[in-house]
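Within every chain, numbering begins at 1; the chains are lettered A, B, ... in the order of the sequence lines, protein sequences first and strands thereafter.
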2 protein chains.
Amino acid sequence: MAEVLTPMRRQILEFIVACQRERNFPPTIREIGDHVGLRSPATVANHIEVLKNAGYIEKNPQQPRTLTVRMEMETPTPIVSLRRVPFVGDVAAGTGVLADETDHEVLDLPEQFAGRDDSFALRVRGDSMIDAGILPGDIVIVRRQPDAQVGEIVVAGIPGDEATVKRYFPQGATVVLKPENAALEPLEFPASEVVVYGRVISVLRTY
Amino acid sequence: MAEVLTPMRRQILEFIVACQRERNFPPTIREIGDHVGLRSPATVANHIEVLKNAGYIEKNPQQPRTLTVRMEMETPTPIVSLRRVPFVGDVAAGTGVLADETDHEVLDLPEQFAGRDDSFALRVRGDSMIDAGILPGDIVIVRRQPDAQVGEIVVAGIPGDEATVKRYFPQGATVVLKPENAALEPLEFPASEVVVYGRVISVLRTY
DNA sequence: CTAGGCTACGAACAACTGTTCGGTAGGAGG
DNA sequence: CCTCCTACCGAACAGTTGTTCGTAGCCTAG
């Protein structure tokens, strides 16, 4: 058994990853030959065959530009799937909550915290939820949904045209929004005047 | 002038980026046709021509699989620099805190939460810090440091060979570890018997 | 010296790909 | 009504690409 990763083979591998990084698509066999100084496509194809059998690269037969290096050699992107969460800093004046991410700050979070569905981030103002461990200045991640279960923590729009974080208790035609603060009283509104923007799925805080 | 980004064109763009992400090489015109339901390569080529003139994609003429989406539409690699934080689930028995990340779970977090220096993650047990908004089950990110300022929240090892999260108050030869729970009393130990593992720099919670 | 294994070359071929050209269907607007 | 425009199909064509085959040089083991 001969050496597998000869200097030539190594050069070919590096050229493939370079193409991927700089041009976003793999090279053809002849492009590889031109770059490493091999005049015959057969020679390059032979080296690629060896690299493929050794498990270094993958290839779709008979299709041009389908070379991919396995195991990437240097992980450019982490394994976790990040999700881009729009940061809605100011929720005053009702309209803001549905704003798109283009003109706002964004937060990149792993799925574990950002959720799998459509969600947004919100900085909490006020101390109405301190007994639930949500302090002023904390960032809550909110999963966008038009309704919620009894007792869940939601972000809701209320008649005073502000959005608040409260526990959600629907009671027939009215909705009770209960703060988690012994010093504050629950709020009660007609169900038609309360808009549930979503449910709080995670809380983030930095000191 | 007609609409540029019709639903069909948008679908084609999304398919190209999907191919890039999942297979690492762009599709051919006929592959695009098969995917979006266009039977003629000419039709697909026409759409691609429009997208190219509009500046959405780049293309090498007469070469297969050389489509690249300009401006990437969705940043494949986020701008933020992720940090890999080792997750030390069980801190009992003193030894565990300095464990390396290889045999433990890890957490990928943006620098904003993970800090710039050496840090680790820890799941909080007990309710000794609920008045500071740190609930049982919360994950705290701890920056490894051997000392702390007065009043900071630290993770410390104490004689009962357990690690706890408390506020740090050094007082001469003794150290007072103060819980944030009205029902609990501060703990006091000789300074020599308290090991500060690090300072809590962020708190994460999922519901 | 000789045989065998690599490596490389060059030519030829079939498959695939991008491209071009003609033709059809449907809607918008005069 | 007709015309223009757009989107689409189908076929054909030329260029490119991966592949195969035969051959040659070089090195090492026997």
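- Here the P atom of nucleotide dG18(C) and the NZ atom of K52(B) are 13 Å apart, to the nearest Å.
- Closest contact between the side chain of T28(A) and the listed nucleotides dG18(D), dC8(D), dG18(C) involves dG18(D).
- Considering only side-chain N and O atoms, K59(A) lies nowhere under 4.0 angstrom from the phosphate OP1 or OP2 of dT17(D).
- The side-chain hydrogen bond (donor to acceptor under 3.5 Å, both in side chains) search around N181(B) returns none, not counting sequence neighbours.
- Taking CD1 from I48(B) and CD1 from I57(B), the interatomic distance works out to 5.0 Å, rounded to the nearest 0.5 Å.
- Rounded to whole angstrom, the span from the CG atom of N60(A) across to the C1' atom of dA15(C) amounts to 14 Å.
- Within the structure, every pair that satisfies the salt bridge (charged side-chain N to carboxylate O under 4.0 Å, His left out) test and touches residues 33-60 of chain B, not counting sequence neighbours, is listed here: E58(B)-R70(B).
- A sub-4.0 Å separation between OP1 or OP2 of dC16(C) and a side-chain N or O of R65(B) is absent.
- With hydrogens and angles ignored, the 3.5 Å screen pairs a side-chain donor or acceptor of R167(A) with a backbone N or O of G151(A).
- Distance, E31(A) CD to dT16(D) C1': 11 Å, rounded to whole Å.
- Summarising the geometry, the separation between CD1 on I29(A) and P on dG18(D) is reported as 5 Å, rounded to the nearest angstrom.
- In terms of the side-chain contact (heavy atoms from CB on, under 4.5 Å) criterion, residue partners of L135(B) (sequence neighbours excluded) are, by chain and number, D138(B), R205(B).
- Under the side-chain contact (heavy atoms from CB on, under 4.5 Å) criterion, R23(A) pairs with C19(A), F25(A), P27(A), E31(A), R65(A), not counting sequence neighbours.
- Under the side-chain contact (heavy atoms from CB on, under 4.5 Å) rule, I153(A) has a single partner from M129(A), R199(A), K166(A), which is M129(A).
- A donor-acceptor pair under 3.5 Å is formed between the side chain of T66(B) and the backbone N or O of N60(B).
- Atom CG of L13(B) is separated from atom CG of L67(B) by 10.0 Å, given to the nearest 0.5 angstrom.
- Each end of the helix from dC1(C)-dG30(D) to dG30(C)-dC1(D) yields a helix axis from five base pairs, and these two axes differ in direction by 10° (to the nearest 10 degrees).
- Annotation: proximity of residues 39-51 of chain A to DNA chain C (heavy atom, distance under 4.0 Å) is found for R39(A), S40(A), A42(A), T43(A), H47(A), numbered in ascending order.
- Counting to the nearest Å, the C1' atom of dA7(D) and the CD1 atom of I32(B) are 17 Å from each other.
- Of all nucleotides listed (dA8(C), dT19(D), dA7(D)), dT19(D) comes nearest to the side chain of R30(A).
- As rounded to whole Å, 6 Å separates atom P of dC16(C) from atom CD of Q62(A).
- For M8(B) and dA7(D), the CE to C1' distance is 9 Å, given to the nearest whole Å.
- Between R10(A) atom CZ and dT7(C) atom P the separation is 15 Å, expressed in whole Å.
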